[in-house]
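Every chain is numbered from 1 and lettered A, B, ... according to where its sequence line falls, protein lines coming before strand lines.
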2 protein chains.
Amino acid sequence: MTDAHESLDEVDRLVAAWRTERPDLDVEPLQVLSRVSRLAKHLDRARRAAFAEHDLEPWEFDVLTALRRAGKPYELSPGALLRATLVTSGTMTNRIDRLAQAGLVRRRPDPEDRRGVLVTLTDTGLQRVDSAFSGLLRREHDLLAGLDEPHQRALAALLRTLLAPFDAGSSN
Amino acid sequence: MTDAHESLDEVDRLVAAWRTERPDLDVEPLQVLSRVSRLAKHLDRARRAAFAEHDLEPWEFDVLTALRRAGKPYELSPGALLRATLVTSGTMTNRIDRLAQAGLVRRRPDPEDRRGVLVTLTDTGLQRVDSAFSGLLRREHDLLAGLDEPHQRALAALLRTLLAPFDAGSSN
DNA sequence: GTCTACTGTCTTGACATCGAGATACATATC
DNA sequence: GATATGTATCTCGATGTCAAGACAGTAGAC
């Protein structure tokens with residue numbers, strides 16, 4: 001599993017620079033965590049490009065997929081949506097407003113709880129998210145082309161371990 | 001240590017939901033890439049908390065560390081800084097303005113190129129970034145506690161492979 | 001029933017970011 | 001040495017996010 005001695009990347013250079021400047025510190029954690037951050041930043045850009053073809057912003061996609069995953073009738077409360085997308089309530093209100101204005105979701109009062117609201121995917125929203133999602137998967141598949149399946153599984157397992165404390169702890 | 005086969009995490013649930021809703025699609029890429037995105041989001045929050053102790057915002061830290069890594073005299077051009085931090089030029093101008101106002105960096109004209117500017121770390125800036133950095137490393141070390149060293153190295157190698165096409169290609 | 005504490009959603013103001021374009025200077029070509 | 005192209009930085013307007021707090025409604029304890 002430990003080949004990959006190939007070319008040094010940006011993070012290798014960054015770590016080397018730190019070793020020169022602060023030889024007193026153990027900068028090994030950066031080898032993992034800097035790469036996670038940088039990769040996420042690049043992924044955001046790739047996603048943005050993928051969605052542009054379907055006239056969707058990443059934030060729109062995030063909300064619509066949460067609804068899509070919920071299954072029929074594609075309906076969730078704002079609270080459930082913000083927990084699914086890791087944003088604050090103010091942000092979610094704003095997102096729902098704009099999605100509703102774009103005709104991709106609809107708001108209706110929750111019949112069971114008069115404080116509550118339910119957000120539903122419209123037909124247009126459903127179509128848009130479905131086509132954007134297959135486009136995204138195609139691109140993401142390509143991004144992972146450098147790793148064969150066992151390596152992908154190993155990577156996923158390692159990431160799951162790192163993620164575990166967060167998923168367990170916070171709940172936002 | 002506990003092998004990671006046990007508890008399902010949020011991404012496992014997400015993947016399972018997609019399998020139910022879209023059994024026609026291969027959603028395996030999400031096992032890796034969703035975890036990268038989610039982990040990055042959690043890391044951002046952890047970093048924010050770590051820096052708050054030193055009165056620094058993450059974006060301030062990003063710029064200051066780039067200068068710190070450059071070594072004496074801790075000086076880089078705005079262009080070099082924006083390439084190091086993956087932000088746009090407008091953002092970098094704004095960041096430098098505010099860092100200069102906070103007394104953490106200084107701007108001076110580049111004597112070799114009259115279009116250019118050089119940004120230098122002040123003594124205050126140097127101290128702040130050094131203490132914030134050791135604080136960060138301590139926390140990041142803890143975040144990685146779930147993986148022993150060989151696993152960490154394996155994870156870093158796998159991430160390097162994914163990152164390679166980006167580091168090579170864009171250069172921003 | 002009536003407090004009290006909690007929950008779900010929305011409002012507001014501040015803020016960091018981006019993208020596009022403006023400006024000044026540098027470099028290459030002729 | 002004039003022109004054209006490229007590079008470095010900054011300006012400006014629009015946008016998405018957050019944090020804190022307001023408000024209406026719910027639920028538990030008594």
Side-chain angles (χ1 to χ4, degrees), chain A residues 37 40-42 44-49 51-52 55-64 66 75-102 105-120 170-172, chain B residues 37 40-42 44-49 51-52 55-64 75-102 104-120 170-172:
Chain A
S37 293
K41 212 150 188 169
H42 288 301
D44 273 353
R45 297 191 174 187
R47 284 169 24 114
R48 183 174 301 276
F51 298 148
D55 259 311
L56 280 179
E57 298 294 322
W59 64 262
E60 296 180 290
F61 183 81
D62 278 346
V63 178
L64 297 180
E75 189 163 70
L76 289 173
S77 70
L81 284 170
L82 69 88
R83 279 183 291 276
T85 53
L86 302 177
V87 300
T88 62
S89 66
T91 299
M92 188 49 68
T93 299
N94 187 16
R95 287 183 174 189
I96 296 167
D97 286 348
R98 284 173 289 157
L99 286 170
Q101 199 166 4
V105 306
R106 222 188 337 265
R107 241 196 275 244
R108 70 180 182 99
D110 183 340
E112 319 253 291
D113 183 339
R114 266 183 297 184
R115 292 168 303 182
V117 169
L118 292 174
V119 181
T120 317
S170 68
S171 88
N172 300 284
Chain B
S37 294
K41 212 150 189 172
H42 287 301
D44 273 352
R45 296 190 174 186
R47 282 168 26 111
R48 182 176 300 275
F51 298 148
D55 260 310
L56 281 179
E57 297 293 321
W59 63 263
E60 296 180 291
F61 182 81
D62 279 347
V63 177
L64 298 180
E75 189 163 68
L76 289 173
S77 70
L81 283 171
L82 69 89
R83 279 184 291 276
T85 53
L86 302 178
V87 300
T88 61
S89 65
T91 298
M92 189 48 70
T93 299
N94 187 16
R95 286 183 174 189
I96 295 167
D97 286 348
R98 284 172 289 155
L99 286 170
Q101 198 166 5
L104 303 178
V105 307
R106 223 187 335 266
R107 241 195 277 244
R108 71 181 182 99
D110 183 340
E112 318 254 289
D113 183 338
R114 264 182 300 181
R115 295 168 300 179
V117 169
L118 292 173
V119 180
T120 317
S170 66
S171 90
N172 300 287

Rounded to the nearest Å, what distance is computed from the CG atom of residue A:Asp44 to the P atom of nucleotide C:dA16?
19 Å
Answer yes or no: does a side-chain N or O of A:Thr91 lie under 4.0 Å from OP1 or OP2 of D:dG16?
no
Protein-nucleotides 21-25 of chain C N/O pairs under 3.5 Å:
none

Just to confirm, is there a sub-4.0 Å distance from OP1 or OP2 of C:dC15 to any side-chain nitrogen or oxygen of B:Arg95?
no
Please give, in whole Å, the distance from C:dT17 C1' to A:Trp59 CH2?
16 Å
Between B:Arg115 and B:Asp113, what is the shortest heavy-atom contact and its length?
NH2-OD2, 2.7 Å
Could you list the protein-to-nucleotides 3-5 of chain C atom pairs, N/O on both sides, closer than 3.5 Å?
none

Test item: B:Leu104 and B:Leu56 side chains (from C-beta on) under 4.5 Å apart, heavy atoms
yes
Using a cut-off of 4.0 Å on non-hydrogen atoms, how would the nucleic acid contact of A:Gly79 be classed: base, sugar-phosphate, or nothing?
sugar-phosphate
Evaluate the side-chain proximity of B:Ile96 to B:Met92: yes if any heavy-atom separation is below 4.5 Å, no if none is.
yes
Taking atom C1' of C:dC10 as reference, at what distance in whole Å does atom CG of A:Leu82 sit?
12 Å
Rounded to whole Å, please give me the gap between CZ in A:Arg45 and C1' in C:dG19.
12 Å
With a 4.5 Å limit on heavy-atom distance, are the side chains of A:Leu99 and A:Val63 in contact?
yes
Counting the atoms with a prime plus P, OP1 and OP2 as sugar-phosphate, which does A:Arg48 contact under 4.0 Å by heavy atoms, base, sugar-phosphate, or nothing?
nothing
Rounded to whole angstroms, how far apart are CG on B:Leu56 and C1' on C:dA16?
16 Å
If you only use heavy atoms from C-beta on, which nucleotide in C:dT9, D:dT9, C:dA16 is closest to the side chain of B:Arg98?
C:dA16
Under a 3.5 Å distance rule, please check whether A:Thr85 uses its side chain to pair with a backbone N or O of A:Leu81 as donor and acceptor.
yes
Out of curiosity, A:Arg108 CZ to A:Thr120 OG1, how far, rounded to the nearest 0.5 Å?
5.5 Å
Distance col, row B:Leu86:CG vs B:Asp62:CG, nearest 0.5 angstrom, shows 9.0 Å
Take atom CG of A:Asp97 and atom C1' of D:dT17, then tell me their distance rounded to the nearest Å.
14 Å
Contact nearer the 5' end of DNA chain D, comparing B:Gly90 with A:Val87
B:Gly90
Does some side-chain heavy atom of A:Leu64 sit less than 4.5 Å from a side-chain heavy atom of A:Trp59?
no
Which is more 5' along DNA chain C, the nucleotide nearest B:Glu112 or the one nearest B:Asn94? Just name the residue.
B:Asn94
Measuring to OP1 and OP2 of D:dC10, would you say a side-chain N or O of B:Arg107 lies under 4.0 angstrom away?
yes
Carboxylate-amine/guanidinium proximity below 4.0 Å for B:Glu60 and B:Arg98:
no
B:Leu118 vs B:Pro78 side-chain heavy atoms within contact, under 4.5 Å
no
To the nearest Å, give me how far apart CD1 (A:Ile96) and P (D:dG16) are.
15 Å
Does D:dC10 have OP1 or OP2 sitting under 4.0 Å from an N or O in the side chain of B:Thr93?
yes
Whole Å only: how far is the CZ atom of B:Phe61 from the P atom of C:dA16?
18 Å
